[in-house]
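In what follows, chains are A, B, ... by sequence order, proteins preceding strands, each numbered from 1.
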Amino acid sequence: MGCLLRPDFCERPAPEVAPDLLGWELWGDDGALRARVVEVEAYTESDPASHSHRGRTRRNEAMYGPPGSLYVYFVYGMHWCANVVCGSEGVGEAVLLRAVAPLTGRSTMAMRRGRTANSLDLCNGPAKLCQSFGMDGSHDGSTLCGGGMFDLRRGPGGLGPVAKGPRVGISRAREVPWRWYVTGDPHVSR
DNA sequence: TAAAAGATCCCCT
DNA sequence: GGGGATCTTTTAT
């Protein structure tokens with residue numbers, strides 16, 4: 001069910017990969033958790049807002065790993081955020097998963113989130129989706145192309161129109177329009 | 001060595 | 001709409 005992500009799909013500039021990831025499905029817990037990607041943002045080395053802009057550090061090391069792997073980082077003292085690593089190995093690019101729309105496993109997500117299963121507030125933010133899926137620093141660098149705790153699979157298509165605009169929550173390069181989202185989807189973060 | 005900022009979220013008003 | 005939580009990384013002194 002669903003064609004698995006392949007590294008070569010991600011071995012392109014993040015701003016090219018990002019809109020192409022909309023409509024893909026994030027799977028976790030051996031397929032018990034599934035959600036459709038509805039909002040993403042791109043980050044590159046030349047981008048002042050990117051963690052990789054000032055070169056490699058212990059924190060951003062996974063951004064330079066193989067395309068199709070995860071970059072998971074800790075922020076604001078309490079939250080995890082997940083990215084799909086893009087570009088060739090050795091290049092620091094990634095696509096932030098900002099929001100996904102739950103398909104299956106809502107009860108597990110709700111328990112982890114401290115919400116009810118019918119809530120719209122399960123995966124509508126980068127830290128929320130990590131909490132719902134149980135993603136944290138232990139998954140930093142792991143693959144999304146099969147065999148790991150999480151993977152991405154091509155969805156059935158039929159997405160609505162896609163919009164593009166400035167990224168959320170950054171202070172530098174505010175004007176760069178590298179956020180893409182499914183117009184009108186209630187699970188988009190804003 | 002100290003201070004500030006940070007790819008967020010939650011609860012209050 | 002606004003501020004606090006909470007701590008790692010980055011930047012300033």
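- The CZ atom of A/R115 sits 11 Å away from the P atom of B/dC9 (whole-angstrom rounding).
- Using a 4.0 Å heavy-atom criterion, one finds that A/L96 contacts the bases of the nucleic acid, with or without backbone contacts as well.
- Both geometric conditions, a ring-centre gap below 5.5 Å and a plane tilt below 30°, are fulfilled for A/Y43 over the base of B/dA7.
- Taking atom CH2 on A/W80 and atom C1' on C/dC7, their separation rounds to 11 Å, with Å as the unit.
- Among the protein residues, A/R179 comes within range of no part of the nucleic acid, since none of its heavy atoms lies under 4.0 Å from any strand.
- The shortest distance between the side-chain N/O atoms of A/S171 and the OP1/OP2 oxygens of B/dG6 is below 4.0 Å.
- Of the nucleotides present, B/dA4 is the one that pairs with C/dT9 by Watson-Crick or G-U wobble criteria, both distances under 3.5 Å.
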For this session: Please assess A/Q131 against A/R112 for the test side chain to side chain donor-acceptor pair (under 3.5 Å), listing each intermediate value before the final yes or no.
Result: CA-CA 6 Å; A/Q131 189 177 17; A/R112 287 173 171 158; over 6 Å; no
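- Between A/H79 and C/dT6 there is no side-chain N or O to OP1 or OP2 distance below 4.0 Å.
- Nearest nucleotide to the A/R54 side chain, out of C/dC7, C/dT10, B/dC9: C/dT10.
- As rounded to the nearest Å, C/dG1 and B/dA7 have P atoms that lie 23 Å from one another.
- Map A/I170 and A/Q131 each onto its nearest nucleotide of DNA chain B; the residue landing nearer the 5' end is A/I170.
- Look at CG on A/N60: it is 15 Å from C1' on B/dG6, rounded to the nearest Å.
- To the nearest 0.5 angstrom, A/R167 atom CZ is 6.5 Å from A/E41 atom CD.
- In this structure, A/D140 places its CG atom 12 Å from P of C/dT9, rounding to the nearest Å.
- What separates CG of A/N124 from P of B/dC10 is a distance of 8 Å, to the nearest Å.
- In this entry C/dG4 has B/dC9 as its Watson-Crick or G-U wobble partner, both defining distances falling under 3.5 Å.
- Between the C1' atom of C/dT9 and the NE2 atom of A/H51 lies a distance of 9 Å, rounded to the nearest Å.
- At a cut-off of 3.5 angstrom, the base of B/dA7 holds at least one donor-acceptor pair with the side chain of A/Y73.
- Comparing atom distances between the A/T57 side chain and each of B/dT8, C/dT8, C/dT10 picks out C/dT10 as nearest.
- Between A/H53 atom NE2 and C/dT10 atom C1' there is a gap of 13 Å when expressed in whole angstrom units.
- At the heavy-atom level, A/A49 lies under 4.0 Å from base atoms of the strands shown.
- The aromatic rings of A/Y73 and A/H51 sit perpendicular, their planes meeting at an angle over 60°, well past the 30° parallel limit.
- One distance of note links CG of A/L152 with SG of A/C3; it measures 11.5 Å at 0.5 Å rounding.
- Residue-level contact check: A/R113 touches the backbone only, with heavy atoms under 4.0 Å from sugar-phosphate atoms and none from bases.
- In this model, the phosphate group of B/dA5 is not approached by any side-chain N or O of A/R172 to a distance below 4.0 Å at OP1 or OP2.
- A/R58 comes within contact range of no nucleotide atom at all, as no heavy-atom separation falls under 4.0 Å.
- Distance from the side chain of A/M78 is smallest for C/dT6 among the nucleotides C/dT11, C/dT6, B/dT8.
- Counting any heavy atom pair closer than 4.0 Å across all strands shown, A/D121 reaches sugar-phosphate atoms only and no base atom.
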For this session: Verify side chain to side chain donor-acceptor pair (under 3.5 Å) between A/D121 and A/S119, making sure each step is shown before the conclusion.
Result: CA-CA 5 Å; A/D121 203 29; A/S119 173; 5.0 Å; no
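- Ring-plane geometry between A/W24 and A/F9 is classed as tilted, the angle between the planes lying from 30 to 60 degrees on a 0 to 90 degree scale.
- Note: CD (A/E93) to C1' (B/dA7) measures 16 Å, nearest angstrom.
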